[in-house]
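Here the structure comes first, spelled out in C-alpha coordinates, and everything after it is commentary.
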Amino acid sequence: MANNAKCIIDAKNIVKIYQNGSDELKVLDDVTLQVFEGDFTAILGPSGSGKSTLMNILGCLDLPTSGQYLLDGLDVLKASDNELSGIRNKKIGFVFQKFNLLPRLTALQNVMLPLLYRGISESEAMERAKQKLTLLGLEDRLTHRPNELSGGQQQRVAIARAIVGNPDIVLADEPTGNLDSKSSQDAMEIFKELNQQGNTIVIITHDIEVAEQVNKIFYIRDGKIYNDGGKGVG
(Lines give C-alpha, C1' and ligand atoms only; values in the text may rest on other atoms or scores of the structure.)
Protein backbone atom coordinates (compact mmCIF):
# COMPACT_ATOMS: atom_id res chain seq x y z
CA MET A 1 0.00 0.00 0.00
CA ALA A 2 1.35 3.41 -0.97
CA ASN A 3 1.85 6.00 1.75
CA ASN A 4 -0.60 8.36 0.05
CA ALA A 5 -3.28 5.70 -0.42
CA LYS A 6 -6.86 6.82 0.00
CA CYS A 7 -8.85 5.63 3.03
CA ILE A 8 -11.66 3.60 1.50
CA ILE A 9 -13.22 2.12 4.68
CA ASP A 10 -13.44 4.54 7.62
CA ALA A 11 -15.48 3.19 10.52
CA LYS A 12 -15.62 5.19 13.74
CA ASN A 13 -17.12 4.17 17.10
CA ILE A 14 -19.39 1.55 15.51
CA VAL A 15 -21.93 0.02 17.89
CA LYS A 16 -24.40 -2.71 16.93
CA ILE A 17 -27.13 -3.70 19.36
CA TYR A 18 -29.76 -6.34 18.74
CA GLN A 19 -32.99 -5.99 20.67
CA ASN A 20 -34.78 -9.11 21.88
CA GLY A 21 -37.80 -7.94 23.80
CA SER A 22 -36.45 -6.03 26.76
CA ASP A 23 -33.00 -7.61 26.39
CA GLU A 24 -30.17 -5.93 24.52
CA LEU A 25 -27.24 -7.76 22.96
CA LYS A 26 -24.29 -5.52 22.09
CA VAL A 27 -22.52 -7.36 19.28
CA LEU A 28 -20.13 -4.55 18.30
CA ASP A 29 -18.77 -2.19 20.95
CA ASP A 30 -17.12 1.06 19.83
CA VAL A 31 -15.30 -0.42 16.82
CA THR A 32 -12.98 1.93 14.96
CA LEU A 33 -10.90 0.85 11.97
CA GLN A 34 -9.58 2.11 8.66
CA VAL A 35 -8.76 0.24 5.46
CA PHE A 36 -6.85 1.96 2.68
CA GLU A 37 -6.86 1.39 -1.05
CA GLY A 38 -4.65 -1.58 -1.88
CA ASP A 39 -4.67 -3.02 1.65
CA PHE A 40 -4.69 -6.79 2.18
CA THR A 41 -6.39 -7.00 5.55
CA ALA A 42 -7.79 -9.64 7.91
CA ILE A 43 -10.34 -9.25 10.68
CA LEU A 44 -9.39 -12.11 12.98
CA GLY A 45 -11.52 -13.42 15.81
CA PRO A 46 -13.18 -16.49 17.28
CA SER A 47 -16.76 -17.56 16.66
CA GLY A 48 -19.17 -15.14 18.30
CA SER A 49 -16.67 -12.28 18.35
CA GLY A 50 -18.79 -10.03 16.13
CA LYS A 51 -16.64 -10.30 13.01
CA SER A 52 -19.45 -11.40 10.65
CA THR A 53 -21.69 -8.62 11.95
CA LEU A 54 -18.84 -6.21 11.28
CA MET A 55 -18.47 -7.56 7.75
CA ASN A 56 -22.19 -7.06 7.13
CA ILE A 57 -21.86 -3.44 8.20
CA LEU A 58 -18.69 -2.83 6.19
CA GLY A 59 -20.44 -4.40 3.18
CA CYS A 60 -23.57 -2.26 3.64
CA LEU A 61 -25.69 -5.37 4.22
CA ASP A 62 -26.62 -4.00 7.66
CA LEU A 63 -26.42 -0.65 9.43
CA PRO A 64 -24.85 0.10 12.81
CA THR A 65 -26.94 1.20 15.77
CA SER A 66 -24.61 4.17 16.22
CA GLY A 67 -21.27 5.47 15.03
CA GLN A 68 -20.10 6.70 11.65
CA TYR A 69 -19.16 4.74 8.56
CA LEU A 70 -17.67 6.43 5.52
CA LEU A 71 -17.25 4.15 2.50
CA ASP A 72 -15.04 5.84 -0.08
CA GLY A 73 -16.17 9.15 1.40
CA LEU A 74 -19.92 8.37 1.41
CA ASP A 75 -21.70 8.56 4.78
CA VAL A 76 -23.42 5.18 4.72
CA LEU A 77 -25.88 6.03 7.50
CA LYS A 78 -27.23 8.92 5.42
CA ALA A 79 -27.48 6.93 2.18
CA SER A 80 -30.80 5.83 0.72
CA ASP A 81 -31.69 2.18 0.15
CA ASN A 82 -31.11 2.68 -3.58
CA GLU A 83 -27.68 4.20 -2.95
CA LEU A 84 -26.74 1.29 -0.67
CA SER A 85 -27.91 -1.21 -3.27
CA GLY A 86 -25.76 0.52 -5.89
CA ILE A 87 -22.76 0.48 -3.54
CA ARG A 88 -23.11 -3.24 -2.93
CA ASN A 89 -23.38 -3.96 -6.64
CA LYS A 90 -20.60 -1.69 -7.92
CA LYS A 91 -18.09 -1.05 -5.13
CA ILE A 92 -18.04 -4.31 -3.18
CA GLY A 93 -17.51 -7.93 -4.19
CA PHE A 94 -18.65 -10.50 -1.63
CA VAL A 95 -17.20 -13.98 -1.10
CA PHE A 96 -19.16 -16.08 1.39
CA GLN A 97 -18.15 -19.14 3.38
CA LYS A 98 -20.99 -21.22 1.95
CA PHE A 99 -20.36 -19.79 -1.53
CA ASN A 100 -24.06 -18.77 -1.98
CA LEU A 101 -24.11 -19.99 -5.57
CA LEU A 102 -27.54 -20.50 -7.15
CA PRO A 103 -27.85 -24.28 -7.58
CA ARG A 104 -29.87 -24.24 -10.80
CA LEU A 105 -27.45 -21.94 -12.62
CA THR A 106 -24.17 -22.92 -14.25
CA ALA A 107 -20.85 -21.49 -13.10
CA LEU A 108 -20.97 -19.05 -16.01
CA GLN A 109 -24.52 -17.93 -15.21
CA ASN A 110 -23.70 -17.44 -11.53
CA VAL A 111 -20.79 -15.17 -12.40
CA MET A 112 -22.84 -13.22 -14.97
CA LEU A 113 -25.54 -12.28 -12.44
CA PRO A 114 -23.97 -9.16 -10.85
CA LEU A 115 -23.38 -7.70 -14.30
CA LEU A 116 -26.93 -8.42 -15.47
CA TYR A 117 -28.22 -6.66 -12.33
CA ARG A 118 -26.26 -3.59 -13.49
CA GLY A 119 -28.04 -3.64 -16.81
CA ILE A 120 -25.03 -4.87 -18.79
CA SER A 121 -25.99 -6.77 -21.93
CA GLU A 122 -26.08 -10.55 -21.76
CA SER A 123 -23.36 -10.91 -24.42
CA GLU A 124 -20.95 -8.59 -22.60
CA ALA A 125 -21.76 -10.16 -19.22
CA MET A 126 -21.05 -13.60 -20.67
CA GLU A 127 -17.71 -12.50 -22.12
CA ARG A 128 -16.55 -10.87 -18.90
CA ALA A 129 -17.68 -13.85 -16.81
CA LYS A 130 -15.79 -16.23 -19.10
CA GLN A 131 -12.66 -14.11 -18.71
CA LYS A 132 -12.78 -14.23 -14.90
CA LEU A 133 -13.54 -17.95 -14.76
CA THR A 134 -10.69 -18.64 -17.20
CA LEU A 135 -8.40 -16.48 -15.09
CA LEU A 136 -9.24 -18.74 -12.13
CA GLY A 137 -8.63 -21.94 -14.08
CA LEU A 138 -12.27 -22.91 -14.63
CA GLU A 139 -12.51 -22.57 -18.41
CA ASP A 140 -13.55 -26.24 -18.63
CA ARG A 141 -16.25 -25.87 -15.96
CA LEU A 142 -18.34 -23.05 -17.41
CA THR A 143 -21.48 -25.16 -17.92
CA HIS A 144 -21.21 -27.11 -14.66
CA ARG A 145 -23.71 -26.46 -11.89
CA PRO A 146 -22.50 -26.07 -8.28
CA ASN A 147 -23.29 -29.68 -7.32
CA GLU A 148 -21.02 -30.80 -10.17
CA LEU A 149 -18.06 -28.87 -8.77
CA SER A 150 -15.67 -29.55 -5.89
CA GLY A 151 -15.61 -27.24 -2.88
CA GLY A 152 -12.47 -25.55 -4.17
CA GLN A 153 -14.01 -25.06 -7.61
CA GLN A 154 -17.19 -23.61 -6.09
CA GLN A 155 -15.08 -21.16 -4.10
CA ARG A 156 -13.29 -20.07 -7.26
CA VAL A 157 -16.66 -19.51 -8.95
CA ALA A 158 -17.67 -17.41 -5.92
CA ILE A 159 -14.45 -15.39 -6.20
CA ALA A 160 -15.00 -14.89 -9.94
CA ARG A 161 -18.52 -13.62 -9.21
CA ALA A 162 -17.12 -11.24 -6.58
CA ILE A 163 -14.54 -9.68 -8.92
CA VAL A 164 -16.37 -9.77 -12.27
CA GLY A 165 -17.62 -6.21 -11.80
CA ASN A 166 -14.14 -4.91 -10.88
CA PRO A 167 -15.22 -3.73 -7.41
CA ASP A 168 -13.12 -1.39 -5.27
CA ILE A 169 -13.25 -3.81 -2.34
CA VAL A 170 -13.49 -7.59 -1.99
CA LEU A 171 -15.00 -8.73 1.33
CA ALA A 172 -14.51 -12.41 2.07
CA ASP A 173 -16.30 -14.00 5.05
CA GLU A 174 -14.47 -17.16 6.19
CA PRO A 175 -13.55 -17.91 2.55
CA THR A 176 -11.54 -21.00 3.50
CA GLY A 177 -13.91 -22.29 6.19
CA ASN A 178 -15.48 -25.03 4.05
CA LEU A 179 -12.33 -26.03 2.17
CA ASP A 180 -9.62 -28.64 2.65
CA SER A 181 -6.11 -27.38 3.32
CA LYS A 182 -4.96 -27.43 -0.33
CA SER A 183 -8.08 -25.67 -1.61
CA SER A 184 -7.76 -23.16 1.25
CA GLN A 185 -4.22 -22.29 0.21
CA ASP A 186 -5.26 -22.11 -3.44
CA ALA A 187 -7.95 -19.59 -2.48
CA MET A 188 -5.46 -17.53 -0.50
CA GLU A 189 -3.06 -17.48 -3.46
CA ILE A 190 -5.89 -16.09 -5.59
CA PHE A 191 -6.54 -13.34 -3.04
CA LYS A 192 -2.82 -12.52 -2.96
CA GLU A 193 -2.74 -12.21 -6.74
CA LEU A 194 -5.85 -10.01 -6.74
CA ASN A 195 -4.25 -7.77 -4.14
CA GLN A 196 -1.05 -7.52 -6.18
CA GLN A 197 -3.23 -6.38 -9.10
CA GLY A 198 -4.51 -3.52 -6.93
CA ASN A 199 -7.67 -4.93 -5.35
CA THR A 200 -8.41 -4.00 -1.73
CA ILE A 201 -9.07 -7.27 0.12
CA VAL A 202 -10.67 -7.73 3.55
CA ILE A 203 -10.84 -11.30 4.86
CA ILE A 204 -12.95 -12.14 7.91
CA THR A 205 -11.55 -15.28 9.54
CA HIS A 206 -11.02 -17.25 12.74
CA ASP A 207 -7.97 -18.99 11.23
CA ILE A 208 -4.62 -17.56 12.32
CA GLU A 209 -2.88 -19.33 9.41
CA VAL A 210 -5.09 -17.39 6.99
CA ALA A 211 -4.58 -14.10 8.83
CA GLU A 212 -0.80 -14.52 8.86
CA GLN A 213 -0.77 -14.31 5.05
CA VAL A 214 -2.15 -10.76 4.86
CA ASN A 215 -0.43 -7.42 5.40
CA LYS A 216 -2.56 -6.00 8.22
CA ILE A 217 -4.63 -7.66 10.95
CA PHE A 218 -7.47 -6.33 13.08
CA TYR A 219 -8.16 -8.50 16.13
CA ILE A 220 -11.76 -8.66 17.30
CA ARG A 221 -13.06 -10.25 20.50
CA ASP A 222 -16.36 -9.71 22.31
CA GLY A 223 -17.28 -7.03 19.80
CA LYS A 224 -14.15 -4.92 20.39
CA ILE A 225 -11.16 -4.23 18.16
CA TYR A 226 -8.05 -4.69 20.27
CA ASN A 227 -5.11 -4.09 17.95
CA ASP A 228 -4.53 -3.30 14.34
CA GLY A 229 -1.92 -2.23 11.89
CA GLY A 230 0.51 -5.10 11.69
CA LYS A 231 0.93 -8.82 11.83
CA GLY A 232 1.96 -10.25 15.14
CA VAL A 233 0.46 -7.40 17.12
CA GLY A 234 -1.49 -8.79 19.96
If only atom types and distance count, is the side chain of [X] paired as donor or acceptor with the main-chain N or O of [Y] below 3.5 Å?
{"X": "Lys51", "Y": "Pro46", "answer": "yes"}
{"X": "Gln185", "Y": "Lys182", "answer": "no"}
{"X": "Glu127", "Y": "Glu124", "answer": "no"}
{"X": "Tyr69", "Y": "Asp75", "answer": "no"}
{"X": "Gln97", "Y": "Thr176", "answer": "no"}
{"X": "Gln153", "Y": "Ser150", "answer": "yes"}
{"X": "Asn110", "Y": "Thr106", "answer": "yes"}
{"X": "Glu174", "Y": "His206", "answer": "yes"}

Please examine the side chains of Leu105 and Arg145, heavy atoms only from C-beta on, and report whether any two atoms are closer than 4.5 Å.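 No, side chains not in contact.
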Do Phe40 and Lys216 come close enough that some side-chain heavy atom pair is under 4.5 Å?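 No, their side chains stay 4.5 Å or more apart.
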Under a 4.0 Å N-O cut-off, is there an ion pair linking [X] with [Y]?
{"X": "Lys6", "Y": "Asp72", "answer": "yes"}
{"X": "Arg141", "Y": "Glu148", "answer": "no"}
{"X": "Asp62", "Y": "Lys16", "answer": "yes"}

Does atom [atom1] of [X] have more than 12 heavy-atom neighbours from other groups under 6.0 Å away?
{"X": "Glu209", "atom1": "CD", "result": "no"}
{"X": "Gln197", "atom1": "CD", "result": "yes"}
{"X": "Lys90", "atom1": "NZ", "result": "no"}
{"X": "Tyr18", "atom1": "OH", "result": "yes"}
{"X": "Asp180", "atom1": "CG", "result": "yes"}
{"X": "Arg118", "atom1": "CZ", "result": "yes"}
{"X": "Asn147", "atom1": "CG", "result": "yes"}

Could you state whether [X] and [Y] fall into the same hydrophobic cluster, counting links through intermediate Ile, Leu, Val, Met, Phe, Trp or Tyr residues with side-chain heavy atoms under 4.5 angstrom apart?
{"X": "Val164", "Y": "Ile159", "answer": "no"}
{"X": "Leu116", "Y": "Leu101", "answer": "yes"}
{"X": "Leu84", "Y": "Ile57", "answer": "yes"}

From CA spacing to verdict: salt bridge (charged side-chain N to carboxylate O under 4.0 Å, His left out), Lys130, Glu139: CA-CA 7 Å; Lys130 280 182 181 177; Glu139 61 273 14; over 6 Å; no
